[in-house]
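All remarks here apply to the structure that follows.
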Amino acid sequence: MGSVDASETTVTGWAARDATGHLSPYTYTLRKTGPEDVVLKVKYCGICHTDIHQVKNDLGASKYPMVPGHEVVGEVVEVGPEVSKYRVGDVVGVGVIVGCCRDCRPCKANVEQYCNKKIWSYNDVYTDGRPTQGGFASAMVVDQKFVVKIPAGLAPEQAAPLLCAGVTVYSPLKHFGLMTPGLRGGILGLGGVGHMGVKVAKSMGHHVTVISSSNKKRAEAVDDLGADEYLVSSDADQMAAAADSLDYIIDTVPVKHPLEPYLALLKMDGKLVLMGVIAEPLSFVSPMVMLGRKTITGSFIGSMDETEEVLKFCVDKGLTSQIEVVKMDYVNQALERLERNDVRYRFVVDVAGSNLEDVA
């Protein structure tokens with residue numbers, strides 16, 4: 001980090017300039033450290049499928065230049081005078097949001113991720129009018145409310161995916177009362193979120209079925225991740241045999257897909273929880289939910305409290321994410337591979353080890 005003057009610091013990130021989504025070095029300034037701000041030197045940042053949506057403007061709201069990254073782990077290098085939770089040297093995490101109104105019903109209920117005025121960690125505008133930029137950068141400034149401490153016993157590169165993928169599966173299981181041992185759950189899609197879904201659900205004592213479109217991930221689902229069963233959704237006989245067998249399905253698929261085949265797998269009162277960011281309408285016929293009192297619902301990341309909880313849960317249960325660590329100069333290839341589902345199961349960028357300011 002280089003100082004511009006007493007109020008601004010220059011940093012280097014890797015940014016997309018247009019909807020091609022190609023990232024390259026980009027220099028910009030951080031805001032002045034406020035009373036409740038934490039400045040962190042970024043160590044690692046996970047790559048989420050949402051990063052692809054954002055850098056390629058799949059959702060139609062992208063603003064450039066854009067530095068993506070919302071699974072950020074770093075070391076505190078400065079704190080504002082009113083920061084009480086963190087000290088210089090702490091290893092901390094930052095997730096998908098970095099601001100909220102603090103006055104609405106979700107904010108007062110400590111589920112600030114549902115605030116209509118939430119501020120995204122990148123591709124948004126902060127309260128000072130500056131664009132927010134994410135964790136594919138050498139440093140960030142974040143309000144202490146949106147920072148969590150990484151517990152001892154959890155490697156920083158392992159912690160990064162938990163700040164999005166981990167809490168994204170933990171939050172709905174907690175909210176919908178699906179933490180009871182003995183439940184039968186389905187995980188639809190075995191990517192970054194899905195693999196954490198298997199691990200978290202198994203650690204809660206659930207019987208877990210991975211649902212995928214082909215047999216090619218069977219061995220890794222059962223042998224590597226510990227799933228109890230593997231169901232091929234394109235096999236009509238298998239799907240018919242599994243009807244009315246699941247208490248819930250965590251649907252992590254990030255592209256348009258039919259819902260009815262999966263609704264048929266749910267027991268009465270079963271829940272299909274949507275988690276993939278999909279820009280096209282999904283459809284189903286109403287009797288599929290009416291005749292079993294089934295629920296199609298959604299869940300979005302998790303609260304700051306839940307983020308702290310899932311980090312502790314993973315330490316207590318000995319859970320880790322399965323990752324492939326890459327340097328920043330490989331990030332464009334990593335995004336291309338992620339788009340092809342060619343990663344087991346989460347890319348994590350070694351930001352600190354990439355010496356970003358040497359290539360600016």
Side-chain angles (χ1 to χ4, degrees), residues 1 9 11-14 30 33-34 36-48 67-99 121-122 132-168 170 192 196 199-200 301-328 331 346-357:
M1 295 183 292
T9 301
V11 297
T12 300
W14 276 51
L30 299 178
T33 307
E36 295 195 37
D37 281 341
V38 174
V39 184
L40 59 143
K41 177 183 177 182
V42 178
K43 297 170 71 70
Y44 294 95
C45 187
I47 304 179
C48 176
V67 177
H70 61 233
E71 298 179 343
V72 189
V73 175
E75 179 182 343
V76 176
V77 295
E78 182 186 352
V79 295
E82 295 178 21
V83 172
S84 57
K85 296 175 63 177
Y86 307 103
R87 298 181 299 178
V88 170
D90 284 346
V91 178
V92 298
V94 177
V96 177
I97 63 173
V98 294
S121 53
Y122 69 89
T132 58
Q133 303 288 11
F136 290 7
S138 53
M140 293 179 72
V141 180
V142 183
D143 186 291
Q144 67 172 339
K145 176 177 174 59
F146 300 95
V147 176
V148 293
K149 188 173 289 187
I150 304 301
L154 191 57
E157 65 272 23
Q158 289 286 347
L162 303 179
L163 300 168
C164 175
V167 73
T168 291
Y170 179 88
M196 285 308 305
K199 291 189 169 200
V200 170
I301 55 168
S303 66
M304 299 310 300
D305 289 345
E306 289 169 333
T307 304
E308 292 181 344
E309 288 175 24
V310 77
L311 292 172
K312 183 178 185 303
F313 178 88
C314 288
V315 171
D316 291 346
K317 300 291 186 179
L319 295 186
T320 57
S321 48
Q322 292 184 218
I323 61 175
E324 180 177 337
V325 179
V326 299
K327 292 293 198 292
M328 190 66 79
V331 71
R346 202 68 152 186
F347 283 115
V348 174
V349 180
D350 178 5
V351 178
S354 297
N355 301 316
L356 297 189
E357 282 151 0

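Val67 and Gln133 make their closest contact through N-OE1, 2.7 Å (heavy atoms, listed as atom of the first residue, atom of the second, distance). The minimum heavy-atom distance between Ile323 and Pro161, with the atom names listed, is CG2-CG, 3.8 Å. The nearest pair of heavy atoms linking Lys327 to Gly353 is CE-O, 3.1 Å. The shortest heavy-atom contact between Val11 and Ser138 is CB-OG, 3.4 Å. Shown here for Val310 and Gly166, the closest heavy-atom pair between the two residues is CG2-O, 3.8 Å. Shortest non-hydrogen contact noted between Pro151 and Val315 is CG-CG2, 3.7 Å.
Between atom CD of residue Glu309 and atom CG of residue Asp316 there is a gap of 11.5 Å, rounded to the nearest 0.5 Å. Going from atom OG1 of Thr9 over to atom CD of Glu78 covers 7.0 Å, rounded to the nearest 0.5 Å. In this structure, NZ on Lys145 lies 10.5 Å from CD on Glu36, to the nearest 0.5 angstrom. Note that CZ of Arg87 is 6.5 Å distant from NZ of Lys149, once rounded to the nearest 0.5 Å. Cys164 contributes atom SG, which lies 5.0 Å from atom CD of Glu71 (distance to the nearest 0.5 angstrom).
A side-chain contact (heavy atoms from CB on, under 4.5 Å) with Met140 is found for exactly one of Leu40, Val38, Thr132, namely Leu40. In summary, of the residues considered (Val167, Ile150, Leu154), a side-chain contact (heavy atoms from CB on, under 4.5 Å) with Leu162 occurs for Leu154 alone. A side-chain contact (heavy atoms from CB on, under 4.5 Å) with Val148 is found for one member of Leu163, Val92, Asp305 and no other, namely Leu163.
Side chain of Tyr86 to main chain of Val147: a donor-acceptor pair is present (N/O by atom type, distance under 3.5 Å, no hydrogens or angles). For the pair Glu324 (side chain) and Phe347 (backbone), a donor-acceptor distance under 3.5 Å is absent.
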Determine, stepwise, if the pair Arg346 / Met196 fulfils side chain to side chain contact (heavy atoms under 4.5 Å, CB included). CA-CA 10 Å; Arg346 202 68 152 186; Met196 285 308 305; over 6 Å; no
Q. Hey, mind stepping through Asp143 and Asp37 against side chain to side chain contact (heavy atoms under 4.5 Å, CB included) and telling me if it holds?
A. CA-CA 4 Å; Asp143 186 291; Asp37 281 341; 4.2 Å; yes
With side chain to side chain contact (heavy atoms under 4.5 Å, CB included) as the test, would you mind laying out the steps for Ile47 and Phe136 before giving the verdict?
CA-CA 9 Å; Ile47 304 179; Phe136 290 7; 3.8 Å; yes
Where do Val351 and Met328 land on the side chain to side chain contact (heavy atoms under 4.5 Å, CB included) test, with the steps shown first? CA-CA 6 Å; Val351 178; Met328 190 66 79; 4.1 Å; yes
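For the pair Val94 and Phe146, the minimum side-chain heavy-atom distance is 4.5 Å or more. Within the 4.5 Å cutoff, the side chain of Glu75 has no heavy atoms near those of the Pro156 side chain.
Checked against salt bridge (Lys or Arg N to Asp or Glu O under 4.0 Å), Lys317 has no partners two or more places apart in sequence or in another chain. For Gln322, the side chain to side chain contact (heavy atoms under 4.5 Å, CB included) partners at least two apart in sequence or on another chain are His195, Lys199, Leu225, Tyr345.
With a 6.0 Å radius and a threshold of 12 heavy atoms from other residues, nucleotides or ligands, Lys312 has its NZ atom at or below the threshold.
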